[in-house]
Amino acid sequence: MRRALAALCAVAAVTGVVATGCGTGTDDPAVARQDRPGPLTWQQELRIEDAEQRLTARCMERHGFTYAEDRTLTLRESMPVRYVQDDVTWAEAYGYGGRIEARQERRRLHHPVAAYRQGLSPARRAAFDEALDGGDRFQVLSATLPGSGREVRKRLGGCTAEAEKALYGDPGTWFRVSKTATGLNALYADDLRRDRQLARAVAAWSRCMEKAGLSYPDPQAARDAIRENTARLGPTGAGRAFATEQATAVADARCARATSLRSVAAARETSYVDRLPGRYGEALDTYRRLQRQAYDRAVRIVPQRA
């Protein structure tokens with residue numbers, strides 16, 4: 001159970017709750033949540049990513065280079081599979097998304113941008129790198145992670161920086177608040193692991209799966225087993241592996257719905273987020289404001305995927 005609940009502690013891995021709560025100086029967490037902009041949907045976040053690619057491609061074209069955008073997945077295929085996955089229809093079509101992941105991995109290994117860059121002469125390749133990332137002319141961004149106090153850095157320049165600035169404004173501010181928002185789980189992870197209500201909901205999910213003839217202590221264990229089975233069967237057994245994946249994913253989603261696992265996980269995570277110190281409120285407010293700003297700009301740059 002400890003390993004299972006650890007998987008719940010990744011920000012937005014469960015329900016995307018973290019950005020809707022957290023203190024802002026008010027004594028009433030409910031008021032704090034009402035005052036704060038709600039989180040973006042994964043569809044909106046994907047559109048921002050697509051807009052960033054489009055802006056990067058336009059910039060590279062001005063420098064005389066081609067930059068292939070990656071929109072190979074449909075909107076439906078792009079849905080993130082989080083710890084609690086209760087979309088039965090999606091599971092019937094894609095299982096846990098194993099085939100989608102494999103397709104994306106093949107594209108990563110043979111990415112058209114990398115192939116294009118490799119086909120350039122050494123001089124043009126160096127010019128391509130400078131146009132994309134700034135070469136020696138880059139900005140170093142830094143942020144401090146919540147909990148650990150560890151500093152993380154990022155180099156940003158060239159067309160990558162231009163695209164990020166066009167969407168978010170100041171890249172330094174965006175980097176700082178995004179690292180804060182996506183790292184807050186470190187502050188309540190231990191409490192969430194030990195949460196009794198969540199443990200009971202996961203146990204109920206496990207009993208539901210047993211009734212379906214599948215014995216797993218938690219959703220992550222089911223997915224780990226599916227990955228191992230797919231790897232064991234290999235390419236020759238891909239059809240059988242995917243049939244098992246579909247059956248397990250459908251049972252998983254149905255049991256998640258039957259036990260209200262998503263709503264329980266969301267409620268318990270929210271309760272811990274609400275208790276976080278108020279000093280994180282400003283960073284969260286800025287994070288959501290810049291995300292919303294980026295989305296408003298993205299809708300004028302790219303259409304939503306079909």
Side-chain angles (χ1 to χ4, degrees), residues 10-12 40 42 44-73 78 80 101 103-146 148-183 186 283 286-305:
V11 171
L40 298 186
W42 64 264
Q44 291 171 321
E45 291 178 346
L46 181 64
R47 196 163 181 179
I48 294 174
E49 293 174 12
D50 287 345
E52 191 165 350
Q53 288 192 83
R54 178 64 53 83
L55 291 171
T56 302
R58 289 175 180 172
C59 178
M60 292 298 286
E61 186 176 354
R62 293 200 308 270
H63 287 275
F65 296 104
T66 298
Y67 185 88
E69 302 172 45
D70 185 1
R71 294 170 62 93
T72 54
L73 298 183
S78 300
E101 290 179 7
R103 193 195 324 168
Q104 289 299 91
E105 178 63 16
R106 288 193 296 271
R107 180 176 174 81
R108 187 189 68 79
L109 294 174
H110 306 284
H111 201 282
V113 172
Y116 172 80
R117 177 186 177 277
Q118 192 60 34
L120 299 174
S121 67
R124 288 285 288 166
R125 195 178 305 148
F128 178 94
D129 293 342
E130 182 170 358
L132 183 60
D133 297 320
D136 294 332
R137 298 188 296 274
F138 58 85
Q139 178 182 5
V140 178
L141 310 178
S142 63
T144 301
L145 299 180
S148 69
R150 184 169 64 90
E151 184 181 66
V152 291
R153 296 184 176 184
K154 171 184 174 181
R155 289 175 44 166
L156 188 68
C159 289
T160 303
E162 180 178 310
E164 196 163 300
K165 288 177 182 177
L167 291 169
Y168 297 105
D170 176 43
T173 299
W174 169 245
F175 184 69
R176 177 179 59 82
V177 298
S178 63
K179 288 301 179 182
T180 296
T182 58
T286 304
Y287 174 69
R288 280 304 170 197
R289 176 176 58 80
L290 293 181
Q291 263 202 328
R292 180 63 57 180
Q293 169 187 288
Y295 176 71
D296 291 342
R297 293 171 176 176
V299 298
R300 299 192 293 268
I301 297 169
V302 290
Q304 182 171 275
R305 294 194 194 187

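Rounded to the nearest 0.5 angstrom, D170 CG and R176 CZ are separated by 9.0 Å. Distance check: F138 CZ to T160 OG1 gives 13.0 Å after rounding to the nearest 0.5 Å. Atom CG of residue L141 and atom NZ of residue K154 lie 6.5 Å apart, to the nearest 0.5 angstrom. Considering OG1 of T66 and OH of Y116, their distance stands at 4.0 Å, rounded to 0.5 Å. Here the CD atom belonging to Q293 is positioned 10.0 Å from the CD1 atom belonging to I48, to the nearest 0.5 angstrom. Between the CZ atom in R305 and the OG1 atom in T72 there is a gap of 6.5 Å [rounded to 0.5 Å].
Between H63 and C159, the shortest heavy-atom distance links the atoms CD2-SG, 3.7 Å. Closest of all the heavy-atom pairs between Y168 and L290 is O-CD2, 3.5 Å. Considering every non-hydrogen atom in both Q44 and R292, the closest pair reads NE2-NH1, 3.6 Å. Of all heavy-atom pairs spanning R297 and L167, the tightest one is NH1-O, 3.2 Å. Minimum interatomic distance between T144 and G149 (heavy atoms only, all atoms of both residues): CG2-O, 3.5 Å. The heavy-atom pair separating A68 from V113 by the smallest distance is O-CG2, 3.5 Å.
Within the 3.5 Å criterion, the main-chain N or O of V140 finds no donor-acceptor partner in the side chain of R153. Within the 3.5 Å criterion, the main-chain N or O of V302 finds a donor-acceptor partner in the side chain of R47. At distances below 3.5 Å, at least one donor-acceptor pair connects side-chain atoms of Q53 with backbone N or O atoms of D70. Using modelled atom types, one side-chain atom of R125 and one backbone atom of Q118 make a donor-acceptor pair closer than 3.5 Å. No donor-acceptor pair closer than 3.5 Å links the side chain of R107 to the backbone N or O of R103.
At least one side-chain heavy atom of L132 sits under 4.5 Å from a side-chain heavy atom of Y67. A heavy-atom distance below 4.5 Å is found between the side chains of K179 and F175.
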Stepwise, does the side-chain contact (heavy atoms from CB on, under 4.5 Å) test hold for F65 with R124? CA-CA 9 Å; F65 296 104; R124 288 285 288 166; 3.3 Å; yes

Using the salt bridge (charged side-chain N to carboxylate O under 4.0 Å, His left out) rule, take D133 and R155 through it: C-alpha gap first, then chi angles, then the decisive distance, then the call. CA-CA 8 Å; D133 297 320; R155 289 175 44 166; over 6 Å; no

For residues 54-62, which side-chain N or O atoms pair as donor and acceptor with protein atoms under 3.5 Å away, sequence neighbours left out?
from, atom 1, to, atom 2, distance (Å)
R54, NE, E69, OE1, 2.9
R54, NE, E69, OE2, 2.8
R54, NH2, E69, OE1, 3.4
T56, OG1, E52, O, 2.8
R62, NH2, E162, OE1, 3.0
R62, NH2, E162, OE2, 2.5

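Using cut-offs of 30° and 60° for the angle between ring planes, the W174 and Y287 rings count as parallel.
No more than 12 heavy-atom neighbours from other residues, nucleotides or ligands sit within 6.0 angstrom of NZ on K165.
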